[in-house]
Each structure stands twice: as C-alpha cells, then as structure tokens.
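Notes follow once the structure below has been shown.
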Amino acid sequence: MSDLDPEEFRRLGYAVVDWIAQYRAGLADLPVRPDVEPGRVREQLSATLLSPGLPEEPRPLTALLDEVDRVVVPASTHWQHPGFFGYFPANASLHSLFGDMLSGGLGAQGMLWTTSPAATEVEQVLLDGLAAALGLGPEFAFTGGGGGSIQDSASSAALVALLAALNRSSPEWQERGVDGTERVYVTAETHSSLAKAVRVAGLGARALRIVEPSPGSLAMSPTALADAMRADADAGLRPVLVCATVGTTGTGAVDPVREIARAAAGQGAWVHVDAAWAGVAALCPEHRHLLDGVELVDSFCTDAHKWLLTAFDASLLWVRDAAVLPAALSITPEYLRNAATQSGAVVDYRDWQVPLGRRFRALKLWAVVHGHGLSGLREHIRSHVALADELAGLVRADPGFTLAAEPSLSLVCLRVVTGAGPEADDNATRTVLERVNASGTAFLTHIVVDGRYAIRVAIGSVTTESSHVKALWKRLRTEAAGCLTKSSDDRVDPATSG
Ligand SMILES: *Cc1c(COP(=O)(O)O)cnc(C)c1O
C-alpha cells in the first residue's frame, strides 16, 4: 500500500490535532500580521525543499510540522486571532474543522447525486434547514420548489446567478452568447465580484450600470434603478440582473431589497441578493428586517465562511426555482449519463456551479450547526453586534474620533478628528491605522467613504471578546493622541503618514 496504514494515520493524526490545538491556544500571543519581506518564505523553503530538488525520499511528519512552525507560522496572517478586525472575518471554528476532516476522510466527489448520494442530500437538508432558520421563506427550500447549494465563494454565486439570468433573459443565449444589449445594475458600493462576473460572462464593462444611491445614504435608490432600467429598455437594451447588497463590504450599507425587487419585476430582470457577510445575521429575529422583501428575489447568497463559524469555503446560494441553474449550466457528456439523473428524482449539484467536481462541504456546515446549535450561532452573532455597539458608543463619546458611517451589525467605520480640517483628519486616521497594525496587537483595514479615509473595524473573529475590543480602543486612542501631538507641531512622520 502506498498510502499510510490507517493505524499509522491514527497515531500521526493525533500529532496534527495537537499541533492545531496548540496553535489556537497560543494565537493571542502572536502578532496578528507577520513582519515579513516579500520573497522570505520562498527563500527559506527553497533552501530545504528545492536544493537540490523536491525530496526524493519520504520524510517523517514531525519534520513537516517543524517546517510549518519555522517557515509558515511566522509568515502567516492569523485570521483566527482575537485581534483580527480586518476585511470581514473568515471564521474557521474548531467545530467546522471536524466536518472538514470527515469530508477529507470520506474523500467523496459529489458532482452528481449518483457519485455519492449522501454528499448531495446532506447538503439539500442543511440548506433547507438554514433557509428556514434565516427566514428566507419556504419557496427557497427544495421542499418548496427552490433550493440551496454550497458554492466556493460569493463571487462564484454571483457568476452563476448572472448565467441563470442571461439564460432566462434570452432563449438565444446558449446558442449565440451575449449580444451586447445586456445590462446589469449595481451601485458604487457593490462588491467587485459583480464586475468580475460581468467580465467572465463576456458582457464587457459597458454592461455594468452604476445606480445612484438614495440621497444621504450609500444604499441603492429604487427610483434611480427604475429610471435607469426604463431608459435602457427604451433604448433597446435588456435589463438582465440587479444586484442588491445586504451589508456592503465598505460600510455595511443595506440596499432596500423589497423596493428593488418591485422595480426589477417591471423589466423582468433577475434580482440577486449579495448578503455575503451580513446575511447570516438573519438567524437572529431582531436582524431579520435586513432581508425584508427577500421572498421576491430570484437568488440569495450569504457566506457561512465569513461570520458563521464555517472554515472557508462555504458560500450558501439559494434560488427560488430549482430548475434555473441546471437550465443555464447543464451539459451532459455520455460518461456522466446515469439512471438517477434520467429519472429526474435527484439533484446533480454539478449543474448548480461552474466546476464539475465538488467537495462534501456540507459536513463542515453540519458540524457547525451540530456543535453550536442555532442558539449558539445566534449568540456568536449577537456578541459581536454588542461589541460593535459598545465600540460605537465609545467613538461617539470621544471628541477625538467620529463615526465615518452609521455602524452596521458588527462593522464600525471611524476616523480621527484633529480639529485641523479634513486633510489632517485623513492623514491622522491613516497614521493611526498603520501604527495599530504595526503594533501586532490588532489588524485593521481601511475604506474611503465620501472621499474621506476611514478605519474599518470588522468585529467577528471566533474568539474576539470584550477585552480585545477594549484593548483596541485603548490603542486607537493612544496612537491618535501621539499623532495629534505630532501634527500640531507639523511633524507627521512622512514614512508612516503615506
Ligand atoms: C466578501 C464579500 C464578497 C466576496 O466573497 P467571497 O465569498 O470571498 O467571494 C462578495 N460580496 C460581499 C458583499 C462581500 O462582503
């Protein structure tokens, strides 16, 4: 046998589990982000792995773990660190790792129902259950004629939604491709994955219409959307898809789904809701209003791999009609023909995505739901929303800071107030962000809102607690105070003020 003997695997497997447990237990003591020069990892690894070439002979597992400690950990950004507040979280809870291990252990490839029935049906059941738990409405469940699937990313979800929309919009699409009249409606805040989907689908950037926000907000104006679609239709163009975002990546803004769906219905455009980060909050009844009107849309996506404790990758995509994705994507070569598919009684998930092959991702989602229960998931969401409220309160009460946008769930955008004008504020905010990040105690990212530089604090790591947010606030204030003394002397360090 060329693989490990299962008994040997059992023995070595404990060493890997020990390694992970020790890494997670010690995370808080590591700098969130490594201080590493480009090329450093390649240089270190080439010395052991490529000279003279990849190892000819097998090496022991312990040596691999040593290399991970020596080379990988010091050059890693620790996304599971309690001080990670950048981008959006990428929760990889320990519960979800159990499911990942089981999936790898089974090693099944669930492209068709027949290639591993459990891989398909476990996914169907979990997505039906989560649709109900999120309040999506019975029409999004397989039992109601719709259905959900686990995609690798919200970006892929947007792409397949667009392909289904193109297919529905034109009976010619499969034969002739796009004709240049297709139009896709987004806002300036919509995630770049929509622009990418438009490019990948061959529509060209001219197909992308940026709809204005409602006055005084960053959310799409339904009136502006209706006007834009009508003007396009009058000009012989085809409104194909509207993307409504629930929780934009920049500031967590929420497009009004119900009004958008109503406006789109008049033009027959597909409505896709991108709730990659914020959608999972709908597990809590008090946040369900975010999805108001979702029963009117064609597709809805939220990432379990951001804020729902499930290790990347697990993006959940539901459609209101289970036939739409296969109608757009199914191509069946002879070798994939089988009786179960022909019977029409099964779902073949290969027809719901771009790749043919697929992992048994539902197991890690199952492990999360099983290990935390819905009550635990709600508590996870609520604890971070409460921490964000607390931080927002501190920002409001401090004249040295201001909120750059209304806080959204667990996302707080803030900037430093110097009293010396917008440019000085922007510079100070940038300097504070750079210094906090250089400290290694926390990691923050930035955004530009209304032309002004702001710090994003995305609370949501699995182990982030009140003490970590308090420590962050303390450091923000210290760095801002340091900046103020300097900028009042006009001595902002040019190397760090960008
Ligand atoms: C993160 C994010 C995406 C992209 O998510 P992936 O799953 O990494 O593709 C798309 N839309 C929004 C609103 C996001 O926040």
Side-chain angles (χ1 to χ4, degrees), residues 77 79 84-92 96 127 134 148-163 184-201 208 210-211 213 218-220 241-257 260 271-282 287 290-291 294 297 299-318 352-355 358-359 361 364-365 381 384 388 405 407-413 445-447 449 456-461:
T77 297
W79 282 70
F84 187 96
F85 300 103
Y87 309 104
F88 280 132
N91 288 177
S96 79
L127 279 128
L134 290 165
S149 68
I150 307 180
Q151 306 277 325
D152 58 7
S153 64
S155 307
S156 292
L159 175 60
V160 298
L162 177 56
L163 299 175
V184 171
Y185 303 81
V186 298
T187 72
E189 301 298 313
T190 303
H191 193 266
S192 55
S193 53
L194 266 292
K196 194 187 257 187
V198 162
R199 190 186 293 176
V200 173
L208 210 56
I210 313 289
V211 179
L218 292 169
M220 183 185 285
L241 178 137
V242 182
C243 177
T245 306
V246 171
T248 58
T249 315
T251 63
V254 176
D255 292 336
V257 174
I260 287 171
V271 181
H272 176 66
V273 174
D274 176 7
W277 160 68
V280 299
H287 299 308
L290 292 172
L291 303 189
V294 76
V297 311
S299 52
F300 172 85
C301 170
T302 189
D303 283 346
H305 63 234
K306 276 183 174 163
W307 196 16
L308 201 67
L309 295 159
T310 309
F312 195 83
D313 51 354
S315 181
L316 316 181
L317 171 68
W318 283 272
W352 290 54
Q353 60 179 26
V354 173
R358 66 200 317 267
R359 305 173 58 225
R361 297 190 189 97
K364 62 190 172 189
L365 194 58
I381 303 279
H384 295 146
S408 175
L409 296 169
S410 59
L411 177 64
V412 180
C413 298
T445 53
H446 78 278
I447 186 74
V449 197
R456 284 170 83 262
V457 183
I459 299 170
S461 278

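One-based numbering, in listed order, for ligands and for the atoms of each.
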For the backbone of [Y] and the side chain of [X], can you confirm whether one donor and one acceptor N or O come within less than 3.5 Å of each other?
X: Thr248; Y: Ala253; answer: yes
X: Ser96; Y: Lys364; answer: no
X: His272; Y: Val297; answer: no
X: Arg359; Y: Asp313; answer: no

Would you say ligand 1 has an N or O under 3.5 Å from any N or O of [X]?
X: Ser193; value: no
X: Ala154; value: yes
X: Lys306; value: yes
X: Ser155; value: yes

Report yes if some heavy atom in the side chain of Val271 is under 4.5 Å from a heavy atom in the side chain of Val257; otherwise report no.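 No, too far: nothing below the 4.5 Å cut-off.
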
By number and element, which atoms of ligand 1 are closer than 4.0 Å to a non-hydrogen atom of [X]?
X: Asp274; value: 10 (C), 11 (N), 12 (C), 13 (C)
X: Gly247; value: 13 (C)
X: His305; value: 7 (O)
X: Asp303; value: 5 (O), 6 (P), 7 (O)

Classify the side-chain pair Ser315/Asp303 by whether it contains a donor and acceptor separated by less than 3.5 Å. yes

Nearest protein heavy-atom contact for atom 10 (C) of ligand 1: which residue, which atom, what distance?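 I find the closest protein heavy atom is His191 CG, 3.3 Å.
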
Can you classify the ring geometry of Trp307 versus Trp277 as parallel (below 30°), tilted (30 to 60°) or perpendicular (above 60°)? parallel

Which class fits the ring pair Trp79 and Tyr87: parallel under 30°, tilted 30 to 60°, perpendicular over 60°?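 Aromatic pair Trp79/Tyr87 classed parallel.
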
Should the proximity of Phe88 to ligand 1, defined as any heavy atom under 4.0 Å, be assigned to the side chain, the backbone, both, or neither?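 Answer for Phe88: side chain.
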
Can you tell which part of Ser153 has a heavy atom less than 4.0 Å from ligand 1: side chain, backbone, both or neither?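 For Ser153, backbone and side-chain atoms both sit under 4.0 Å from ligand 1.
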
